[in-house]
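Order of the sequence lines fixes the chain letters, A, B, ..., with proteins taken first and strands second; residue numbering starts at 1 for each chain. Bear in mind the structure is a predicted one, so any value in this text is a computation, not a measurement.
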Number of protein chains: 2
Amino acid sequence: MRAAAMKIGELASLTGCPVETIRYYEREGLLPEPARSASNYRLYAGSHAERLRFIRHCRTLDMTLDEIRTLLDYHDHPRQPCNAVNGLIDEHLAHVEARIEQLQALRGALVALRSRCSGEADSSQCGILSALAQPAAEEITAHRESSHVPGPHGSH
Amino acid sequence: MRAAAMKIGELASLTGCPVETIRYYEREGLLPEPARSASNYRLYAGSHAERLRFIRHCRTLDMTLDEIRTLLDYHDHPRQPCNAVNGLIDEHLAHVEARIEQLQALRGALVALRSRCSGEADSSQCGILSALAQPAAEEITAHRESSHVPGPHGSH
DNA sequence: ACACACCCTGTAGTCGCTACAGGGTCAAGC
DNA sequence: GCTTGACCCTGTAGCGACTACAGGGTGTGT
């Protein structure tokens, strides 16, 4: 008796990954094309669930699909020593740490900005608005090239 | 004698904002349409430079264009007390702080992951790859709805 | 017989730019 | 006067990682 095949909705609720995202990963070549039923429904096996969990785990770590593709490649072809896996993680870790530092600088700037207005006056007097009209400080302007981790507007 | 009008390239080098981004802000309604020369070139006055600096400053603070639009609206129509300006900043600050916390949890997870592999073995033995095949820990999985600040892959 | 949940493909929208393609304008140098 | 090159114009498509349809087929329960 083989492992039970499941339809895409079952895989979705099993992994917490939306149906449309699963199809997207397939288009992107991260998930192999599954078998099809007579009525053309996708039929997944346990190995698909495993692979999808791998992908979603990497995504919660904010890796790009390209980084994940590389990891999956190591997973699929266990050849050379996995130094490159370490390297990828290290690089990603560096990106995350850089982004944390940027955001902390940003936070400082926002706190300073916030302190400029008590909220009582008319907005023509507002210290926040007038401060924003000045060019930004260097400390914050500079950081635009070091990181690749998304800012606060990524995931509602 | 009126303020000297400048072409888009001058405004760009004055503010450090790429030409195409300036045109984009105009399309988005953040910058008003400037006057045009006989040969249809955009001609900007000092007020445009000020407004563009305002926008760019807000962008270095990772505000969305929508948030900036709201601030510009307060700037343009100084009516009621500016509590809403404070509210917007506070909310944005909360987003940034939430994102910092997420990234710190993420960093912890990556450090833990990194420690699982010495890099000597074949990648079939790699502790990193096998750890990634497990579902992600809750602590990290949970955070997908609290913040809207981009992660590490935003700005190369 | 019908409702309703699920599945399919394909396309367009999100955000904040960035990068063309395909043209026009203008000043300097030969 | 003619060419070179830097600048300007409009319009459209691409990025990443989804998300959200539109417009259809399938499968189950009553």
- Separation of D:dC7 P from B:Met6 CE (nearest whole Å): 16 Å

- Query: Can you tell me how far P of D:dT26 sits from NZ of A:Lys7, to the nearest Å?
  - Reply: 13 Å

- Query: In whole angstrom, what separates A:Arg36's CZ from D:dG27's P?
  - Reply: 14 Å

- Query: Nearest-Å distance, CG (A:Asn40) to P (C:dG10)?
  - Reply: 11 Å

- Item | Base C:dG24 to side chain B:Tyr41, donor-acceptor N/O within 3.5 Å cut-off | yes

- Backbone of A:Phe54 reached by a side-chain donor or acceptor of A:His57 within 3.5 Å: no

- Item | A:Glu101 side-chain N/O to A:Ala98 backbone N/O, donor-acceptor pair under 3.5 Å | no

- Message: Can you identify which nucleotide, out of C:dC17, C:dC7, D:dC7, has its nearest atom closest to the B:Thr21 side chain?
- Response: C:dC17

- Query: B:Glu67 has an atom CD; how far is it from atom P of C:dG16, in whole Å?
  - Reply: 9 Å

- Message: What verdict does the side chain to side chain donor-acceptor pair (under 3.5 Å) test give for A:Arg107 and A:Gln104, after you've listed the backbone C-alpha separation in whole Å, the side-chain angles of each residue and the deciding distance to 0.1 Å?
- Response: CA-CA 5 Å; A:Arg107 185 186 165 283; A:Gln104 272 161 352; over 6 Å; no

- Query: Do B:Tyr25 and C:dG16 share a donor-acceptor pair, side chain to base, under 3.5 Å?
  - Reply: no

- Query: With a non-hydrogen cut-off below 4.0 angstrom, is B:Thr64 in contact with a base, only sugar-phosphate, or nothing?
  - Reply: sugar-phosphate

- Does A:Arg56 put a side-chain nitrogen or oxygen below 4.0 Å from OP1 or OP2 of D:dA17? no

- Query: What is the distance from CD of B:Glu10 to P of C:dC26, rounded to the nearest Å?
  - Reply: 14 Å

- Message: So, does B:Arg23 get its side chain near the phosphate of D:dT10, meaning an N or O under 4.0 Å from OP1 or OP2?
- Response: no

- Message: Any N or O donor-acceptor pair under 3.5 Å from the base of D:dC21 to the side chain of A:Glu20?
- Response: yes

- Please determine, for the side chain of A:Arg59, which listed nucleotide (C:dT18, C:dC8, D:dA17) has the closest atom? D:dA17

- Selection from D:dT19, C:dT9, C:dG16 that lies nearest to any side-chain heavy atom of B:Leu65: C:dG16

- Query: Taking the side chain from A:Arg59 and the backbone from A:Ile68, do they hold a donor-acceptor pair closer than 3.5 Å?
  - Reply: no

- Query: Between D:dT12 atom P and B:Arg27 atom CZ, what is the distance in whole Å?
  - Reply: 11 Å

- Item | Whole angstrom value for the distance that separates C1' of C:dG24 from CD1 of B:Ile8 | 16 Å

- Message: Go nucleotide by nucleotide along DNA chain C from the 5' end; which of B:Asp66 and B:Ala38 gets its closest nucleotide reached first?
- Response: B:Asp66

- For A:Tyr44 and A:Arg51, run side chain to side chain donor-acceptor pair (under 3.5 Å): C-alpha distance rounded to whole Å, both residues' side-chain angles, the deciding distance at 0.1 Å, then the answer. CA-CA 11 Å; A:Tyr44 294 98; A:Arg51 195 179 182 89; over 6 Å; no

- Which part of the nucleic acid, if any, lies within contact of A:Arg42, taking any heavy atom under 4.0 Å across all strands shown: a base, the sugar-phosphate backbone alone, or nothing? sugar-phosphate

- Message: Using OP1 and OP2 only, check whether a side-chain N or O of A:Ser39 sits under 4.0 Å from D:dG27.
- Response: yes

